[in-house]
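Since the structure comes first, as structure tokens, the remarks are kept for the end.
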Amino acid sequence: MSLRWLLPLLWALSAEADFFQFDSISNASTYYFNYIYCNIWEGECQPNQDDATQQVPSRDLWAGFPQDYISLLHHWYCSLGQCCESGDCRITNNITGLSRDLQTKLHGQHLVQSVVLKAIQGFINNPESNKPLTLSFHGWSGTGKNFVARIIADNLYRDGVKSECVRLFIAPFHFPHARLVDTYKSQLREAIRDMVLRCPQTLFIFDEAEKLHPGLIDAIKPYMDHYDNVDGVNYRRAIFLFLSNIGGATINDVTLDFWHSGQNREDIGMEDLEHRLRAETMESQGGFAQSELMSGHLIDFFVPFLPLEYRHVKLCAQDAYAARGLETDEATLDEVAKAMLYVPKEERLFAAQGCKSIPQRINFFLP
């Protein structure tokens with residue numbers, strides 16, 4: 001559809017808004033103009049101007065305005081694929097996709113598959129939740145903590161981890177100096193508040209959470225508590241993920257005990273690990289353990305990531321080949337898996353690096 005008639009319409013909308021004294025109409029017309037300027041003419045946009053709120057202004061904002069103008073503008077805007085049933089195109093909440101990805105892309109983590117899906121689904125389906133959802137992921141490096149965080153982001157948000165509704169904080173990278181903790185507190189509070197104001201549903205990921213300064217976590221503790229609002233802002237539709245290596249040895253010991261007793265690892269239940277993870281986290285060194293987040297019992301689930309075995313490494317290698325569009329065979333997958341280091345020394349049962357290095361390691365086995 002030609003834009004020739006659209007500019008006069010947009011200017012008319014702003015002018016009419018002044019006449020009718022509808023500030024919201026003026027804001028909405030500015031939204032549409034920004035969309036044209038940023039996405040069609042590719043002008044130099046201000047930060048976040050290309051998204052505005054990415055939410056199509058509701059018809060409630062247009063009450064009393066000539067309906068022909070409204071219908072015409074909405075029809076044109078929706079023809080560009082910007083309209084969504086949810087009203088916010090950034091948020092997809094694809095629970096079916098989340099379930100599928102956890103089952104098909106994540107290997108050896110039956111507890112994660114069950115707990116994460118139920119926790120996320122329950123939170124999404126309960127718009128009146130009395131607090132944000134807070135999950136703590138525990139386990140060795142390479143067992144899938146970051147991978148699952150990405151799967152969650154990919155299925156809840158159109159742009160995945162790149163969405164402006166998703167923010168990743170890496171403790172030693174974003175908050176490296178203990179002497180600057182007061183500065184970090186202010187920056188972190190502002191970042192979370194601004195994102196919650198921009199997005200009706202947000203996801204915050206804290207990687208290497210055990211390295212966070214306790215004061216830093218305490219500064220944002222009110223955002224994860226049972227408050228209707230904090231300084232006029234409602235944080236109850238936020239999701240917080242904390243990723244750490246705390247409890248990795250405990251998880252491995254329990255998994256090894258099951259193996260020694262002849263039981264399947266799939267028989268390990270949350271009751272075998274969650275209480276031990278909670279206790280070990282509270283007794284561990286580092287800011288995460290010393291924070292009010294722990295003493296206030298604000299973490300909803302301690303999610304254990306089990307150590308990966310030989311068969312899981314083969315599945316990861318198969319996925320890595322498939323991701324590159326390459327075919328492989330069992331012999332090659334065995335070669336990749338055998339090249340990994342396994343522990344403990346006697347049993348050689350668990351891959352020391354999990355699956356983290358698999359995508360790079362398969363380069364060695366390419367023709």
Side-chain angles (χ1 to χ4, degrees), residues 27-28 31 35 47-58 60-61 81-102 112 115-137 145-169 188-207 209 220-243 293 298-301 303:
N27 292 337
Y31 172 86
Y35 178 83
N48 297 321
Q49 181 181 329
D50 57 332
D51 276 319
T53 64
Q54 282 291 20
Q55 187 168 5
V56 182
S58 69
D60 291 340
L61 296 177
Q82 295 297 311
C83 291
C84 306
E85 291 184 5
S86 66
D88 193 319
C89 298
R90 296 168 299 179
I91 301 172
T92 56
N93 287 344
N94 183 3
I95 298 300
T96 300
L98 176 63
S99 176
R100 181 185 62 247
D101 286 351
L102 289 173
V112 179
V115 174
V116 169
L117 179 62
K118 290 179 180 178
I120 296 290
Q121 185 173 24
F123 180 75
I124 297 300
N125 291 339
N126 179 21
E128 302 301 323
S129 174
N130 65 351
K131 69 178 291 292
L133 177 64
T134 305
L135 304 179
S136 187
F137 292 175
K145 299 186 297 293
N146 276 284
F147 185 59
V148 171
R150 181 177 292 272
I151 287 177
I152 293 172
D154 286 343
N155 284 285
L156 298 191
Y157 301 93
R158 178 192 61 194
D159 300 324
V161 292
K162 295 181 179 180
S163 171
E164 68 167 13
C165 299
V166 178
R167 186 69 185 272
L168 168 65
F169 298 99
L188 183 57
R189 282 194 295 251
E190 183 178 356
I192 293 177
R193 182 179 187 275
D194 287 350
M195 185 174 293
V196 169
L197 288 174
R198 288 202 311 268
C199 301
Q201 177 186 294
T202 49
L203 173 63
F204 300 100
I205 305 167
F206 292 85
D207 195 11
I220 62 171
K221 178 254 184 186
Y223 302 159
M224 291 172 271
D225 213 328
H226 300 75
Y227 296 123
D228 290 336
N229 67 78
V230 179
D231 291 333
V233 180
N234 184 353
Y235 294 88
R236 290 184 170 184
R237 299 315 299 166
I239 301 172
F240 291 87
L241 304 182
F242 292 93
L243 285 53
L293 188 64
L298 295 178
I299 294 179
D300 298 302
F301 294 97
V303 186

Side chain to side chain donor-acceptor pair (under 3.5 Å) partners for Ser136, two or more places apart: His138
Asp154: side chain to side chain donor-acceptor pair (under 3.5 Å) partners, not counting sequence neighbours: none
Counterpart residues, side chain to side chain contact (heavy atoms under 4.5 Å, CB included), relative to Asn155 (two or more places apart): Asn94, Leu98, Asp101, Ile151
Donor-acceptor pair, side chain of Lys131 and main chain of Asp300, under 3.5 angstrom: no
Approximate separation, where rounding is to 0.5 Å, of Ile299 CD1 and Leu135 CG: 9.0 Å
Residues forming a salt bridge (charged side-chain N to carboxylate O under 4.0 Å, His left out) with Asp207, sequence neighbours excluded: none
From CD1 (Ile120) to CG (Leu241), nearest 0.5 Å: 6.5 Å
Polar side-chain atom of Tyr157 near backbone of Gln201 as donor-acceptor pair, under 3.5 Å: yes
Between CZ on residue Arg237 and CG on residue Asn126, distance to nearest 0.5 Å: 6.5 Å
Donor-acceptor pair, side chain of Asp88 and main chain of Arg90, under 3.5 angstrom: yes
Residues which pass salt bridge (charged side-chain N to carboxylate O under 4.0 Å, His left out) with Lys118, listed by chain and number, not counting sequence neighbours: none
By salt bridge (charged side-chain N to carboxylate O under 4.0 Å, His left out) - contacts of Asp228 (at least two apart): Arg236
Over 12 foreign heavy atoms within 6.0 Å of CG, Asp231: no
Nearest heavy atoms of Ala209 and Phe206, plus distance in Å: CB-O, 3.9 Å
